[in-house]
Amino acid sequence: MRAAHGSSGAPDGPLKVMIPENLTMEQVVEKNPLVELGGQYRPPDCWTRHHTAVVVPYYGQVQHLQHLLFHLHPFLQRQQLHYAIYVVNQVHTTAFNRGKLRNVGFWEAMQEEEWDCVFFHDVNLLPEDDRNLYICDIFPAHVSVAIDKFNYKLPYHGYLGGVFALRPTHYLRINGFPNSYWYWDHEDHDIAARLQLSGMLLSRPHLLFGRYHMLEGQDPSHQQSPQSPGLLASIHHKWQQDGMNSLGYRRLSKELQPLYTNLTVDINFPTSQP
């Protein structure tokens with residue numbers, strides 16, 4: 001294990017990601033005594049002006065989730081944030097719809113708190129630098145710009161996969177994520193187009209800060225190809241009708257786990273406002 005920072009210490013640079021063998025959720029809970037039920041944390045000895053919701057679309061990779069929680073909670077606590085982690089599960093379908101799960105997570109999180117920043121976070125990515133601050137700036141941000149699997153550089157121009165952050169007002173301005181992409185298709189290209197069509201710029205952290213370790217295992221969400229010709233024109237015709245304003249789902253349960261809020265939803269529900 002690397003030498004750990006104190007949970008109240010200031011962020012100070014690169015991290016070596018090391019996960020204990022045979023890690024259990026009980027061990028992760030034990031290491032995070034200040035996290036409230038539902039995965040919410042408030043700095044005990046200071047007031048913070050940063051309030052961040054972390055939304056994790058989930059498709060049954062239990063070990064990845066344990067590793068993410070083990071690594072991410074101390075990482076966020078060192079930044080002195082008020083934060084909560086929302087894990088969104090889908091049922092009744094074999095096709096994963098990451099965009100729609102992100103929309104569900106956003107909606108559910110905003111019903112609970114007035115978050116000023118939302119991070120959409122793939123379950124298999126662990127940040128490698130404490131200077132990668134999980135707060136929102138004036139522009140939406142693609143945060144995971146340097147993943148070890150891709151030799152710490154973008155796999156192609158326009159790649160927006162992994163970790164994406166923005167303010168709620170910006171999220172509603174682009175009408176959220178598309179609900180119509182099943183499996184892993186052009187969802188990230190769609191978001192890039194929505195930013196462009198809504199007149200917003202995209203920011204990225206420095207390559208030294210936005211570094212991530214990808215947990216082992218095949219994840220098709222990182223196997224996309226560059227944008228195909230004509231995609232922007234196609235998105236232009238539908239982005240204002242496909243997103244938060246057409247989100248339909250049924251929440252089956254909301255469980256306040258020790259380290260996260262678990263949302264189980266049926267996203268095959270007919271299109272309507274939640």
Side-chain angles (χ1 to χ4, degrees), residues 17 19-29 31-32 35 37-40 53-73 75-76 83-109 112 118-127 144 147-149 160-164 176-188 191 212-224 247-269 274:
V17 175
I19 304 295
E21 291 185 20
N22 305 314
L23 181 68
T24 66
M25 193 63 81
E26 289 74 19
Q27 290 173 315
V28 184
V29 172
K31 284 186 69 67
N32 291 280
V35 176
L37 201 63
Q40 192 158 165
V54 180
V55 174
V56 182
Y58 183 66
Y59 46 105
Q61 291 182 301
V62 178
Q63 190 176 61
H64 283 182
L65 180 59
Q66 290 179 358
H67 291 177
L68 177 68
L69 295 170
F70 176 84
H71 186 76
L72 194 59
H73 273 295
F75 172 83
L76 296 173
Y83 71 85
I85 297 177
Y86 299 87
V87 176
V88 192
N89 291 274
Q90 70 178 62
V91 297
H92 300 156
T93 180
T94 56
F96 186 57
N97 189 325
R98 188 173 56 162
K100 196 167 186 179
L101 292 179
R102 285 170 161 177
N103 285 339
V104 170
F106 173 85
W107 178 269
E108 293 284 344
E112 199 168 78
V118 182
F119 267 68
F120 298 95
H121 209 295
D122 281 3
V123 72
N124 64 340
L125 288 180
L126 308 182
S144 53
I147 300 174
D148 56 358
K149 181 178 178 179
L160 289 183
V163 182
F164 185 79
F177 283 84
N179 298 312
S180 55
Y181 294 116
W182 297 86
Y183 298 101
W184 291 267
D185 196 1
H186 294 294
E187 170 205 321
D188 293 320
I191 287 299
Y212 284 80
H213 168 66
M214 182 182 288
L215 295 169
E216 293 181 5
Q218 199 69 10
D219 179 4
S221 68
H222 297 281
Q223 303 296 319
Q224 300 178 21
L247 176 62
Y249 70 95
R250 184 160 57 102
R251 192 180 78 190
L252 303 179
S253 67
K254 178 180 180 179
E255 302 164 304
L256 301 182
Q257 300 289 347
L259 295 179
Y260 62 99
T261 295
N262 187 67
L263 300 163
T264 302
V265 296
D266 179 0
I267 57 175
N268 283 339
F269 208 60

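Along the sequence shown, residues are numbered consecutively beginning with 1.
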*Residue list, ring-ring contact (aromatic ring centres under 6.0 Å, His included) with F106, at least two apart or on another chain*: Y171
*Could you grab the distance from atom CD of E255 to atom OG1 of T261, nearest 0.5 Å is fine?*
10.0 Å
*When you look at Q90 and V88, which way does the side-chain contact (heavy atoms from CB on, under 4.5 Å) test go after all the steps?*
CA-CA 7 Å; Q90 70 178 62; V88 192; over 6 Å; no
*With side chains defined as the heavy atoms from C-beta onward, is the minimum distance between N103 and P178 less than 4.5 Å?*
no
*Check for a donor-acceptor pair, side chain of K149 on one end and backbone N or O of Y212 on the other, with a separation under 3.5 Å.*
no
*Parallel, tilted or perpendicular: which describes the rings of F177 and F120, with under 30° parallel and over 60° perpendicular?*
perpendicular
*Measure up the Y83 and H73 rings against each other and bin them: parallel (under 30°), tilted (30 to 60°), perpendicular (over 60°).*
tilted
*Ignoring hydrogens and geometry, is there a side-chain-to-backbone donor-acceptor pair from H213 to D148 under 3.5 Å?*
no
_Taking the side chain as everything from C-beta on, heavy atoms only, tell me whether V35 gets closer than 4.5 Å to P258._
no
*Verdict with reasoning, L69 to M25, per side-chain contact (heavy atoms from CB on, under 4.5 Å)*: CA-CA 9 Å; L69 295 170; M25 193 63 81; 3.9 Å; yes
_Minimum heavy-atom distance Q257-N262, with the two atoms named_ = CG-CB, 4.2 Å
*Is R251 salt-bridged to E108, cutoff N-O under 4.0 Å?*
yes
_Y260: side chain to side chain donor-acceptor pair (under 3.5 Å) partners, not counting sequence neighbours_ = none
*Minimum-distance pair of heavy atoms, taken over all atoms of L126 and H67*: CD2-O, 4.0 Å
